[in-house]
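Structure first, commentary second.
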Amino acid sequence: MQLHQLTAHEMHDLLINKELSSEELNNHIFDRIEAVEDKIKAYLTLTKEGALERARSVDGQIQSGERIGPLAGIPVAVKDNICTKGIRTTAGSKILSNFIPPYNATVVEKLAAAGATIVGKTNLDEFAMGSSTENSAFIATKNPWDTGCVPGGSSGGSAAAVCAGEAALALGSDTGGSIRQPASFCGVVGMKPTYGAVSRYGLIAFASSLDQIGPFARDVTDCALLLGVISGHDPRDSTSAGYKVPDYTTFLNNNVRGLKIGVPEEFMAQGISPEVRAAVERAMSLYESLGAAVEYTTLPHTEYALPTYYIIAPAEASSNLARYDGVRYGFRAAEVADVVDMFMKSRSQGFGPEVKRRIMLGTYALSAGYYDAYYLKALKVRTLIKQDFDRAFEKYDLLLSPTSPTPAFRFGDKVDDPFQMYLSDICTISVNLAGIPGISLPCGFVGQMPVGLQLMGKYFDEGTLLRAAYTFEQNTDYHKEFPKI
Amino acid sequence: MITEKDVDHVALLARLELTGEDKEMFTRQLNDILEHFQSLQRLDTEKVQPTAHVLPLKNIYREDRVGEHIPRDDALANCPDRVDNYFKVPKIV
Amino acid sequence: MTQYETVIGLEVHAELKTRSKIFCDSTTEFGGDPNTHVCPVCLGLPGVLPVVNKTVVEYAIRAALALNCRVASFSKFDRKNYYYPDMPKNYQISQYDLPIAEHGYLNIEVKGEVRKIGITRLHMEEDTGKLVHQGNITTTPFSLVDYNRAGVPLIEIVSDPDMRSPEEAYEYLNKLKAIILYTGVSDCKMEEGSLRCDANISVRPAGSQEFGTKTEIKNMNSFKALQKALTYEAERQIKVLKEGGRIIQETRTWDDEQGITLPMRSKEYAHDYRYLPDPDLVSMVIDREWVEEIKRSLPELPDDRKERYVREYGLPVYDAMVLTNTRELADYFEDCVAVYPNAKTVSNWVMGDLSRLLNASVVGIINCPIKPEQLGALLQLIEKGTISGKIAKTVFEEMFATGKAAETIVKEKGLVQISDEGAITAIVEEVIAKNQKSVDDYRAGKERALSFLVGQVMKASKGKANPELVNRLFKERL
């Protein structure tokens with residue numbers, strides 16, 4: 001086992017036992033990045049100096065006998081749509097290619113307060129719009145298990161970084177599956193917390209009512225630790241919930257006895273690969289054998305989730321992305337006749353095709369004459385989808401499904417057909433529409449490519465998700481596999 | 001059915017300048033996507049309340065207090081074009 | 001010949017006097033170097049989020065109650081999407097289908113007739129930044145943007161199309177301003193842009209029930225401009241119709257220099273604001289108790305106060321209306337009456353000499369150098385006969401210039417009225433001796449000649465002679 005393959009809690013043990021300094025640990029991670037980054041391309045920006053500076057400060061604390069938190073001195077990667085003061089933040093877009101935020105996102109402040117070192121900013125689909133990270137304006141991140149395959153998206157850089165040992169932990173954002181799907185494709189743990197559990201302040205908005213920041217980790221324990229650090233009420237985010245963050249590690253019990261798990265049959269139907277289905281069924285059997293009650297159930301409005309999502313998210317995006325106009329920051333086109341021409345040219349040259357497509361779709365859905373037919377309709381169907389979950393959770397403690405109907409696909413496979421690309425989100429988007437928490441964890445392989453298991457929980461019941469995920473992990477070895485790069 | 005003319009109108013609203021090729025592609029793709037979305041129209045939502053927010057949050061306010069302003073140089077640090085302490089833009093009309 | 005009727009509705013924006021902006025904690029203070037009263041939120045940087053300033057909601061409710069509006073029990077913010085470089089996000093956070101208040105009214109009085117003008121709605125929104133041009137917007141080679149005003153809270157008050165003349169529009173705006181000033185939520189300064197007014201105007205044949213095609217008039221930067229612009233626009237529309245033309249629905253701008261309205265010169269882009277509920281903000285469920293509490297804290301409003309002045313002080317309606325137009329003036333009046341209870345005399349002084357001096361020196365009543373108690377004391381001196389009414393005017397001017405008390409000035413300048421019969425008799429006799437012609441005229445029945453003679457005495461006594469006494473002495477002798 002190499003250092004970069006350790007989990008954060010294992011690294012923490014080395015640090016507090018003074019077997020290793022945080023500076024050494026971080027240097028090792030940067031060496032690892034140097035060794036594999038050419039092949040993986042997880043990062044858009046590296047922040048070695050800042051990371052080492054914080055590492056030395058944590059080392060100082062350890063030397064002086066201070067107690068340190070579980071993430072102190074631990075290298076964490078941050079998705080590049082999360083604002084970092086003084087560090088370029090691009091959202092994977094040409095239009096923000098030179099944007100340096102003068103402020104930190106709340107989660108970045110929280111990481112700093114926890115003493116975590118920030119390794120760098122990870123690649124993503126432009127403005128988090130995509131499922132393969134192919135929509136980045138800068139680079140194509142590769143799946144560490146097979147560099148001919150996509151890492152998933154939109155948080156492909158964060159997933160690949162954690163998978164390849166280029167960071168111990170990472171932050172991503174999930175609007176329709178952008179944490180869980182790449183976690184699934186890269187064989188790591190990824191969680192989308194309940195909407196409102198983690199502050200969105202400083203997250204470059206894609207679709208405000210769906211976006212949520214969440215953790216990537218190499219095991220469930222690390223996921224719980226990072227979740228604990230980033231969660232909590234933030235007065236700067238009106239949609240942030242006022243709730244007491246529990247100590248998530250207290251849920252890490254190897255015990256699912258009596259837990260009632262529902263498996264929505266709609267998630268096991270359309271377009272699911274037989275191997276993925278088999279892996280999920282094995283997981284169902286495992287839970288049963290461990291004392292959980294597992295049965296099929298139904299979320300009858302599931303077939304409407306995709307169109308609902310692809311109206312609501314682009315509609316919000318079309319408004320959220322209006323601010324990129326070349327006036328205050330970001331890319332401004334040269335040679336313009338007047339302000340309108342500058343807006344048109346800056347945006348047309350600054351945005352990539354998928355972003356434009358969604359802005360067009362969202363603008364259309366909100367425009368006069370179509371609002372009721374599309375946007376309002378979608379908001380109403382969203383109610384029905386949410387009610388499906390409410391009903392299911394009257395009966396079940398959690399729901400189980402594949403994270404994605406297939407393992408990672410190859411580069412270029414779906415770029416020409418946006419609708420096919422959208423279909424890879426089919427199992428994840430309902431969770432965002434309902435606002436409930438979801439976690440993806442490794443549950444098998446198809447060939448050498450990982451398969452992800454998705455668990456979905458009640459509002460603010462991340463604890464039960466973590467407990468079930470932890471139990472699964474304790475009884476399987478998938479999370480111990482590493483890709484050969 | 002979305003026509004190229006609709007696409008032109010939407011592009012103008014969204015301040016996007018599309019090439020002929022873009023226009024043709026978006027017309028086709030938006031039609032495809034919206035065709036898939038026709039299924040929504042089948043659902044009777046007459047009596048359903050829209051969900052703009054999933055959480056039952058309400059009345060989130062801040063107190064009327066003045067906080068820190070962004071330092072003068074930071075406010076314009078990312079500005080593509082400036083004159084003194086102003087953002088500069090091309091003529092408006 | 002067809003007679004035409006004008007139909008006017010006003011959209012008024014008032015900036016609220018909160019300390020911080022509507023969705024962030026930047027200051028709302030007027031002025032400041034460009035782009036210094038800003039933070040990441042009001043600059044619309046990527047990733048920022050709005051949080052509603054509670055005082056904005058409170059002030060909006062306060063204004064709404066004063067305007068007899070129904071305050072919503074459920075309200076929310078929406079995004080109004082359009083592109084303009086003075087808008088940091090290219091959408092304005094405003095309120096669309098569920099404004100904070102609706103269905104209000106206010107009363108105006110034009111030509112002695114009271115008219116009730118309906119208020120459709122009152123909603124909250126954020127202000128935009130400011131564009132600075134070299135010359136004007138059409139000739140400037142480039143423009144500069146200052147976002148200091150971006151995010152300053154506004155209320156927009158939309159009237160029903162209930163006004164039938166530019167005078168009514170003027171009175172409506174005047175009354176609206178008075179009421180808002182009373183509530184203290186805005187300082188309503190048109191010159192600083194904290195009160196702005198756009199108008200919708202159409203004309204129709206008198207007696208018709210249908211509305212004509214309207215135009216929207218912008219850029220009226222004073223009360224006078226409002227009245228001039230609407231008068232011009234109504235005449236323009238009538239002329240077009242009389243010539244068999246059609247009114248085009250458009251936005252026009254008032255050109256104060258030329259005294260005309262002109263179509264707005266902007267490239268034609270379809271207006272489609274694509275409103276959507278702002279997903280960054282949560283809904284507002286307005287607590288009835290909060291509304292009641294705000295209602296209880298409202299001051300007596302102009303109409304009530306006016307009625308009370310007529311009832312309690314026996315003032316003419318006109319006086320009562322003028323005095324209650326601003327809370328400060330009304331307070332001044334009442335403070336003065338507390339010292340000197342003859343309300344009509346106080347009213348005459350406040351509306352006459354005091355207003356004249358205030359206007360001439362561009363001083364607000366708040367900063368009036370003569371405190372209301374001092375004016376009351378001056379009036380007492382007149383009543384007691386210590387000084388004459390004429391001398392009082394001089395003393396008053398002196399008080400205004402120096403802020404000194406009336407008694408002090410009277411003493412310092414020796415202005416006490418001479419009521420000593422002996423002293424005045426001497427002067428009277430001297431005047432009679434020197435002005436034989438006037439004496440003859442008076443005796444021949446020319447009453448005016450007496451005024452001249454009295455005037456001579458006043459002049460000789462430097463205005464200090466008691467005029468009643470002088471009159472009597474003349475009459476005894478002539």
Side-chain angles (χ1 to χ4, degrees), chain A residues 98-100 102-103 195-196 209 235 238-239 241 301 303-304 306-308 310-311 318 322 325-332 336-345 347-348 351 353 356-357 359-361 363-364 367 373-374 376-384 386 418-419 433-435 459, chain B residues 2 6-7 9-19 22 25-27 29-30 32-57 59-63 70-71 73-82 87-93:
Chain A
N98 54 6
F99 176 64
I100 298 173
Y103 78 103
Y195 185 83
S209 79
S238 309
T239 63
H301 294 94
E303 64 169 302
Y304 304 106
L306 197 71
T308 300
Y310 276 98
I311 289 167
S318 70
D325 61 5
V327 175
R328 294 157 298 277
Y329 43 78
F331 173 77
R332 180 188 287 197
V336 295
D338 55 28
V339 154
V340 174
D341 195 39
M342 180 186 89
F343 285 176
M344 304 272 264
K345 289 205 164 74
R347 291 168 61 79
S348 300
F351 290 137
K356 286 185 208 169
R357 182 158 35 246
I359 291 174
M360 292 288 291
L361 188 56
T363 304
Y364 179 78
S367 66
Y374 289 110
L376 186 63
K377 184 84 186 182
L379 292 185
K380 288 178 166 189
V381 179
R382 184 177 188 180
T383 306
L384 299 175
K386 182 177 178 293
F419 198 76
L433 288 169
Y459 293 102
Chain B
I2 300 178
D6 295 330
V7 168
H9 174 71
V10 172
L12 182 61
L13 285 177
R15 296 291 185 269
L16 291 172
E17 190 176 72
L18 303 182
T19 63
D22 285 346
M25 178 186 69
F26 283 136
T27 308
Q29 289 178 339
L30 292 185
D32 278 0
I33 294 166
L34 290 171
E35 164 121 23
H36 285 292
F37 292 2
Q38 285 311 312
S39 65
L40 284 189
Q41 307 308 329
R42 289 203 303 267
L43 276 175
D44 179 8
T45 50
E46 180 85 36
K47 295 190 181 97
V48 181
Q49 286 297 313
T51 296
H53 279 105
V54 287
L55 298 184
L57 288 172
N59 300 341
I60 304 294
Y61 300 118
R62 40 172 280 272
E63 294 303 315
I70 196 168
D73 287 334
D74 286 4
L76 286 103
N78 285 289
C79 175
D81 197 2
R82 63 186 278 187
F87 296 88
K88 182 180 168 187
V89 293
K91 64 193 180 76
I92 304 216
V93 290

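Please read all numbers here as calculations on a predicted model, not as lab measurements. Heavy atoms only: backbone and side chains are in, while hydrogens, waters and symmetry mates are out. First the proteins, then the strands, lettered A, B, ... as listed; each starts at 1.
Looking at L76(B), neither its backbone nor its side chain comes within 4.5 Å of chain A, counting heavy atoms on both sides. Looking at A77(B), neither its backbone nor its side chain comes within 4.5 Å of chain A, counting heavy atoms on both sides. At a 4.5 Å heavy-atom cutoff, the contact between L16(B) and chain A is made by backbone and side-chain atoms alike. Residue I311(A) touches chain B through both its backbone and its side chain, counting heavy-atom pairs closer than 4.5 Å. Looking at F331(A), neither its backbone nor its side chain comes within 4.5 Å of chain B, counting heavy atoms on both sides.
Contact between V327(A) and F87(B) at its shortest, heavy atoms only, is O-CD2, 3.6 Å. The minimum heavy-atom distance linking V336(A) with P90(B) is given by the pair CG2-CG, 3.7 Å. Contact detail for P80(B) and G326(A): the closest heavy-atom pair is CG-O, 3.3 Å. T363(A) and A14(B) make their closest contact through OG1-CB, 3.6 Å (heavy atoms, listed as atom of the first residue, atom of the second, distance). Nearest heavy atoms, G435(A) versus V54(B): CA-CG2, 3.8 Å.
Taking CZ of R15(B) as the start and CG of D341(A) as the end, the distance is 11.0 Å to the nearest 0.5 Å. Here the CG-NE2 distance, from L306(A) to H36(B), works out to 9.0 Å after rounding to the nearest 0.5 Å. Rounding to the nearest 0.5 angstrom, the gap separating the CG atom in L13(B) from the OG atom in S318(A) is 10.0 Å. Once rounded to the nearest 0.5 Å, the distance linking OG of S238(A) with CG of N59(B) reads 11.5 Å. Put simply, CD1 on I92(B) and CE on M342(A) are 9.0 Å apart, with the number rounded to the nearest 0.5 Å. For the atom pair D74(B) CG and I100(A) CD1, the distance stands at 10.5 Å (nearest 0.5 Å).
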Next item on the list: Would you check, one step at a time, whether the test side chain to side chain contact (heavy atoms under 4.5 Å, CB included) holds for Y459(A) with L55(B)?
Entry: CA-CA 9 Å; Y459(A) 293 102; L55(B) 298 184; 4.2 Å; yes
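With a 4.5 Å cut-off on side-chain heavy atoms, C79(B) and Y329(A) do not count as touching. Looking only at side-chain heavy atoms (C-beta outward), V381(A) and T51(B) stay at 4.5 Å or farther from each other. Between R332(A) and D81(B), some side-chain heavy-atom pair lies under the 4.5 Å cut-off. Using a 4.5 Å heavy-atom cutoff, the side chains of Q29(B) and M360(A) are not in contact.
Chain B forms the most heavy-atom pairs under 4.5 Å with one residue out of K345(A), R347(A), K356(A), K380(A), and that residue is K380(A). By number of non-hydrogen pairs under 4.5 angstrom with chain A, the leading residue of I70(B), I60(B), I33(B), V10(B) is V10(B). In terms of heavy-atom pairs under 4.5 Å with chain B, the best-connected choice from T383(A), N98(A), T239(A) is T383(A).
Shown here are the ring-ring contact (aromatic ring centres under 6.0 Å, His included) partners of Y374(A), two or more places apart in sequence or in another chain: Y364(A).
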Can I get a per-line list of side-chain donor-acceptor pairs under 3.5 Å for residues 40-49 of chain B, giving both atom names and the distance, sequence neighbours left out?
| unit_1 | atom_1 | unit_2 | atom_2 | d |
| --- | --- | --- | --- | --- |
| Q41(B) | NE2 | A373(A) | O | 3.0 |
| R42(B) | NH2 | E303(A) | OE1 | 3.4 |
| D44(B) | OD1 | E46(B) | N | 3.0 |
| T45(B) | OG1 | K377(A) | NZ | 3.0 |

